[in-house]
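Below, read A as the first sequence line, B as the second, and so on, with proteins coming before strands; counting in each chain starts at 1. Keep in mind that this is a model prediction, so the values were computed, not measured.
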Amino acid sequence: MTGDIELLTIFVLSVFVGFEVISKVSPILHTPLMSGANAIHGVILVGAIVVAGQAEGALQIGLALIAVVLATINMVGGFVVTDRMLEMFRPSDRRRAGGSADEQTQLPTPTSRDDR
Amino acid sequence: MTGDIELLTIFVLSVFVGFEVISKVSPILHTPLMSGANAIHGVILVGAIVVAGQAEGALQIGLALIAVVLATINMVGGFVVTDRMLEMFRPSDRRRAGGSADEQTQLPTPTSRDDR
Amino acid sequence: MSGSDTWVQLAYLVAATCFIVALKGLSAPRTARTGNLLGAAGAVLAVTVALVSEDLDHLPLIIAAMAIGVAVGVPAARRVPMTGMPQLVAMFNGVGGGAAAAVAFVEFLRSGDDDPVAVVLATVFSVVVGCVSLTGSLVTFAKLQELMTTRPVVFPGGRFVSAGVAAVTVGLGLAVAPTRSEGLLAAVAVAGLASGVLFVLPVGGADVPVVISLLNAFTGLTVAASGYVLDSTLLIVAGTLVGAAGTVLTRLMAAAMGRSIASILFGAFTTVSTAGTTGSATSTRPVRSGGPEDVAILLAYARRVVIIPGYGLAVAQAQHTVKELADVLMARGVRVMYGVHAVAGRMPGHMNVLLAEARVPYSQLEEMDQANSDMPATDVALVVGANDVVNPSARTETGSPIFGMPIIDADAARNVVFLKRSMRPGFAGIDNPLLYDPKTTMLFGDAKDSLAKLVAAVKAL
Amino acid sequence: MSGSDTWVQLAYLVAATCFIVALKGLSAPRTARTGNLLGAAGAVLAVTVALVSEDLDHLPLIIAAMAIGVAVGVPAARRVPMTGMPQLVAMFNGVGGGAAAAVAFVEFLRSGDDDPVAVVLATVFSVVVGCVSLTGSLVTFAKLQELMTTRPVVFPGGRFVSAGVAAVTVGLGLAVAPTRSEGLLAAVAVAGLASGVLFVLPVGGADVPVVISLLNAFTGLTVAASGYVLDSTLLIVAGTLVGAAGTVLTRLMAAAMGRSIASILFGAFTTVSTAGTTGSATSTRPVRSGGPEDVAILLAYARRVVIIPGYGLAVAQAQHTVKELADVLMARGVRVMYGVHAVAGRMPGHMNVLLAEARVPYSQLEEMDQANSDMPATDVALVVGANDVVNPSARTETGSPIFGMPIIDADAARNVVFLKRSMRPGFAGIDNPLLYDPKTTMLFGDAKDSLAKLVAAVKAL
Ligand SMILES: NC(=O)c1ccc[n+]([C@@H]2O[C@H](COP(=O)([O-])OP(=O)(O)OC[C@H]3O[C@@H](n4cnc5c(N)ncnc54)[C@H](OP(=O)(O)O)[C@@H]3O)[C@@H](O)[C@H]2O)c1
Ligand SMILES: NC(=O)c1ccc[n+]([C@@H]2O[C@H](COP(=O)([O-])OP(=O)(O)OC[C@H]3O[C@@H](n4cnc5c(N)ncnc54)[C@H](OP(=O)(O)O)[C@@H]3O)[C@@H](O)[C@H]2O)c1
């Protein structure tokens, strides 16, 4: 029972951390943040691996392996797609080819673009 | 050992909560916040009570009772003094006698005072 | 979990800490990318430790399954066009929920008879919410991918059906605790799958991103529950973290669209059905259409022009052309600003990304509030492939699915010009009265073509 | 802890949650008071549960000890004047640290021989840091109460003595783990007490509040360590929370004074000793002193006056009189603002509290940055009982103990008037060149008297 209370404490503290860490986010980051959080819960892969490694019989093994496949998709795909999103947010750092001929006409101080 | 890991997890999460909860505070609140946090660690009184209740022999009992006295001072005094500090921050809500004759000459919208 | 060796647990704690710092990083532009990479590092650490430390049967099969997952996930994430990202995230979220449900289910098959009641209830929670997240996410995917209508799907008595299915799910779930029946848990899973569909169907397309975020929080909680079942502190922390952060994020996203979460989820049940108000019904009203030369004159002799980009700009990939037009106009002394709505396009920040790619100066971007307060001093509002985000019925028509969404008040400008291909409605599927406004000029055609013609016409003046 | 019954543990968890919410509440003005009350509620809950649920010997003695604590703590907290609050907080913090150290010590006496090494090390940590916090806080108390000099106390080789004592403390502490010797732990406690004194002595008086905050964080960590020794989740959470929040707060407070924590703690060792630069050395320089009538004319014919209050305003309790003067001047059309420095007085926000008590409108208060940018357009800077916070040597004299502290640039105004009783220095004990500036007029006397004379003189004009 003491173990359960400690897990409950961990749960409560995690709720506070989750709430506080995301206090204020600009709307521009809503999608990447959602996507990154989504990738993080892909860590269920750890659970899937453990369960698959202990599974017995076709049903358990089959279901557990499906869980491994799905969790891997969630985790790996999630981090990759988040990275792609965020990459698009800083074109001024990375001088992309798409900038084309207009690039010279850009007016403002480049540093101000970092605020985005 | 698993128990220790859970306590360590609780410790790490508490550190994050403590950091995040105090992200931005106006300088005016520095002293009350310090004082309130000071009162909170007065909860060592719980530990002092437990230890005193199990103590044996004059040395242990004496030391434990000293701990109870000190912890009580910390806790009770801490919350009371914090409350007194904060009370002084909202005189406009509480129409104090000290305002005296000048009170009528006050110029601004009373609501703006709440920002303090 | 078997590998309760201290170092393993410490590694898991490090991974959990990575996740916390990752989320914190993701919430500020400067640190977002590093944050994501840190999260990935934590995940890799956790998975590696799990593979190495646990005493696993079927290791080759597990590795093969992971390889399949990577082979599916990475190309999907690499190839998806930007406009498809939100539905891909929905998809990833759904499969994650399914995985968490499956994990809890297998653990129940393995040891369900001996577990304490609390663990069984956590199992049921994980299975139900994981299944809701799975099918709910599939429906949001279908809506965003326009595989089905984006408008709320409401059928007579729908709310009773939904309530009934939800009640059955809970009832069956509670019955698992005393019976420990595997068949019952399977029935619970099916009921959960059905609930997920019914839960998302009535949500209007414009609100779908908010629902994805909510389902994301659900999956987080599912993972936390599975973590409790498996006695894994890592899963509890990571899942709860995502559950809590996802809840906050959902509220922030709903607030950015001027909606409450309740009105998004249940709004379609309570407001008047809008099934009959599509564009076709009103398309007999007169519309003023103009040629590129007419619009070019309007623009070239304006003092202040606001460009309001929308989804059509992304479809036409017209971001460079729109900047060219702006430059040409500015060279003539016209003040040009961009009015960027937070939910223009198909994902938050969509327009910012496009305009940044075209190297539009940050100082020329106005957020909604700023744009609206400057609108009365604006001569021409040039709406490039946007529709819903300038639809005035969001302000007035209480029955409209977008009622209450804050919009850019293009109708407050002296003239309005729409660049779009037809009179068809936008994402929300509703008619836009501004298209028929006397001060509106329609310039039909693909946005990129129209903009190129406008550039030529202004230069020729 | 013996009472591991679920309800007891749940109650402790509720108390811990109260503390978290309390800290959050305390960090915003609107919720601060409620937050403090919530924290008190959590503490009462935890103590009640401990008294009721644990199987306690000596209960009457415990209750009596608590009664003594209340009898000492409450009147002290009730009666202390506002200017004495920071040192009272320091005192409370010190006794809390002492209590935590004593708790760990008693537990060691009881069961030290059987504890695992980790627990013994936590015990040592708790004893050492608790003792440092106790004596360190006593020294800060003595400094703030001006029972001893407020200036850095440095003696030749001081830093070697400090480093030596610290090394001895650590060495003795580590030796407790293998020996489990009670005598050794007592020696560790004594070494910790000595370290606390040596740690705080070199800190300059102006930096003392920052050190109190740091010691507060120390006590938090001590409580957490004692919690680990007692296997109490509540103490771990509450102590860690205060430790982490206190660390952040210490950094914020140091930043508000433009200092780094390292320079506060060790600055006195590295900078030139300032023992010889007191006021007496320079008091032969000429000073311009004026009467109330002269100053009244200066004020009454100014367009803009900035009043800069300081500790002397609090000592003289002149807040109402200063407002009266401001009102009289404003009635004549003079623009009057108050320039409030964050660390004017003896606690952060001290001046705000005083001026609020006198019902000075919030709109007339300027924070430092604002006040400084308006200063060149100011005709008279009226410095009422302030000194250090307008001392220009903070900007220029690298050897000065207040070097680097952001100040209100009273010297940028066209005229400066000081209301103080003498040429004596302020809290930091250093000379203020602005007192000798040609554009400065001194009006000697108690601030309240001087202000009353000024009111009369302005009215008579
Ligand atoms: N940003 C988000 O997070 C997000 C996510 C999902 C949904 N949504 C929803 O999406 C909507 C966004 O509003 P919006 O105003 O940006 O877009 P919208 O309302 O969907 O309208 C886009 C308009 O662009 C036109 N268009 C399409 N392709 C074009 C092309 N090649 N050239 C020129 N015009 C073209 C379409 O009209 P034609 O067919 O006549 O050309 C359409 O009316 C809102 O309802 C929002 O709630 C937003
Ligand atoms: N705010 C905080 O958190 C805090 C806490 C602790 C320390 N400190 C330190 O305290 C200092 C605060 O600066 P400060 O400028 O406000 O005060 P200060 O530098 O201490 O100067 C106060 C001046 O008031 C004068 N004074 C005292 N009683 C007076 C009376 N009855 N009538 C008229 N004048 C009177 C004194 O001069 P006479 O004796 O000549 O009258 C003294 O020079 C800073 O060094 C700060 O770092 C601040």
Side-chain angles (χ1 to χ4, degrees), chain A residues 10-11 14-15 17-19 21-22 25 27-28 30-38 40-53 60 63-83 86 88 91 98-99 102-103 105-108 112-113, chain C residues 19 23-24 26-27 32-33 36 39-40 43 46 50 54 56-57 62 65-66 68-70 72-73 77 89 92-93 95-96 98-100 102-103 106 109 213 216 219-220 223 226 230 235 237-238 240-242 244-246 248 253 256 323 327 342 347-349 352-353 356-357 359 361-363:
Chain A
I10 289 174
F11 172 76
S14 300
V15 168
V17 174
F19 276 161
V21 136
I22 309 291
V25 200
I28 298 178
H30 284 174
T31 306
L33 184 55
M34 174 171 82
S35 181
N38 171 53
I40 286 175
H41 65 51
V43 74
I44 183 66
L45 176 55
V46 169
I49 289 172
V50 170
V51 165
Q60 289 183 23
L63 208 52
L65 289 179
I66 290 177
V68 172
V69 174
L70 296 182
T72 309
I73 294 176
N74 181 184
M75 190 179 105
V76 179
F79 284 116
V80 173
V81 80
T82 309
D83 192 58
L86 292 168
M88 295 188 300
D102 304 356
E103 245 177 67
T105 59
Q106 200 197 344
L107 303 175
S112 74
R113 299 176 67 97
Chain C
F19 294 155
L23 275 185
K24 190 163 171 53
L26 277 166
S27 58
R33 209 161 169 206
N36 184 53
E54 307 276 340
L56 301 172
D57 296 340
I62 294 174
M66 287 177 62
I68 295 175
V70 172
V72 174
V89 173
F92 288 159
N93 176 49
V95 299
V103 166
V106 174
L109 294 178
S213 176
N216 189 34
T219 305
V223 170
S226 295
L230 297 176
L235 295 191
V237 173
T240 309
L241 212 57
V242 175
V248 176
M253 288 174 77
K323 172 156 197 302
D327 288 343
M347 59 183 207
N352 298 72
V353 171
E357 192 189 316
R359 311 191 68 74
Y362 189 60
S363 54

*Measure A:M75 against the heavy atoms of chain C and call it side chain, backbone, both or neither at under 4.5 Å.*
side chain
*What closest approach, in Å, do A:V68 and C:M66 show between heavy atoms, and which atom pair accounts for it?*
CG1-CG, 3.5 Å
_Pick from C:S27, C:A50, C:A102, C:G246 with the largest number of heavy-atom pairs that fall under 4.5 Å of chain A_ = C:S27
*Select, from C:V70, C:V248, C:V237, C:N216, the one with the greatest count of heavy-atom pairs under 4.5 Å involving chain A.*
C:N216
*Which heavy atom in A:V69 sits nearest to a heavy atom in C:A65, and how many Å separate them?*
CG2-O, 3.5 Å
*Locate the shortest heavy-atom distance separating A:Q60 from C:V106; write the atom from each residue and the value.*
O-CG2, 3.9 Å
*Yes or no on side-chain contact (heavy atoms from CB on, under 4.5 Å) for C:L241 and A:I40, after CA distance, side-chain angles and deciding distance?*
CA-CA 9 Å; C:L241 212 57; A:I40 286 175; 5.6 Å; no
*asked:* Let's test your reading of the structure: which of C:A46, C:G69, C:G73 forms the most heavy-atom pairs below 4.5 Å with chain A?
replied: C:G69
_Atom of A:A67, atom of C:A99 and distance for their closest heavy-atom approach_ = O-CB, 3.6 Å
*Are side-chain heavy atoms of A:M34 and C:V89 found at a separation under 4.5 Å?*
yes
*Let me know if C:S213 has heavy atoms under 4.5 Å from chain A in its side chain, its backbone, both or neither.*
both
*Heavy-atom closest contact (A:V80 atom, C:A77 atom, distance)*: CG1-CB, 3.6 Å
_C:I62 vs A:L65 side-chain heavy atoms within contact, under 4.5 Å_ = yes
*Could you tell me which of A:V76, A:T31, A:V25 has the largest number of non-hydrogen atom pairs under 4.5 Å with chain C?*
A:T31
*Pick one: which of A:V46, A:V51, A:I49, A:L70 meets side-chain contact (heavy atoms from CB on, under 4.5 Å) with C:V103?*
A:V51
*chain C: which of A:A52, A:A48, A:G42 shares the most heavy-atom pairs with it under 4.5 Å?*
A:A52
*Look up atom CG in C:N36 and atom CG in A:D83, then write down how far apart they are to the nearest 0.5 Å.*
5.5 Å
*Heavy atoms only: give me the nearest A:F79-C:A43 pair and the separation to one decimal.*
CE1-CB, 3.7 Å
_For A:L33, which atoms come within 4.5 Å of any heavy atom of chain C: side chain, backbone, both, or neither?_
both
_Sub-4.5 Å side-chain heavy-atom contact between A:N38 and C:T219_ = no
*Side chain / backbone / both / neither for A:L45 at chain C, heavy atoms under 4.5 Å*: side chain
*Taking the side chain as every heavy atom from C-beta outward, state whether C:L26 and A:T82 have any atom pair closer than 4.5 Å.*
yes
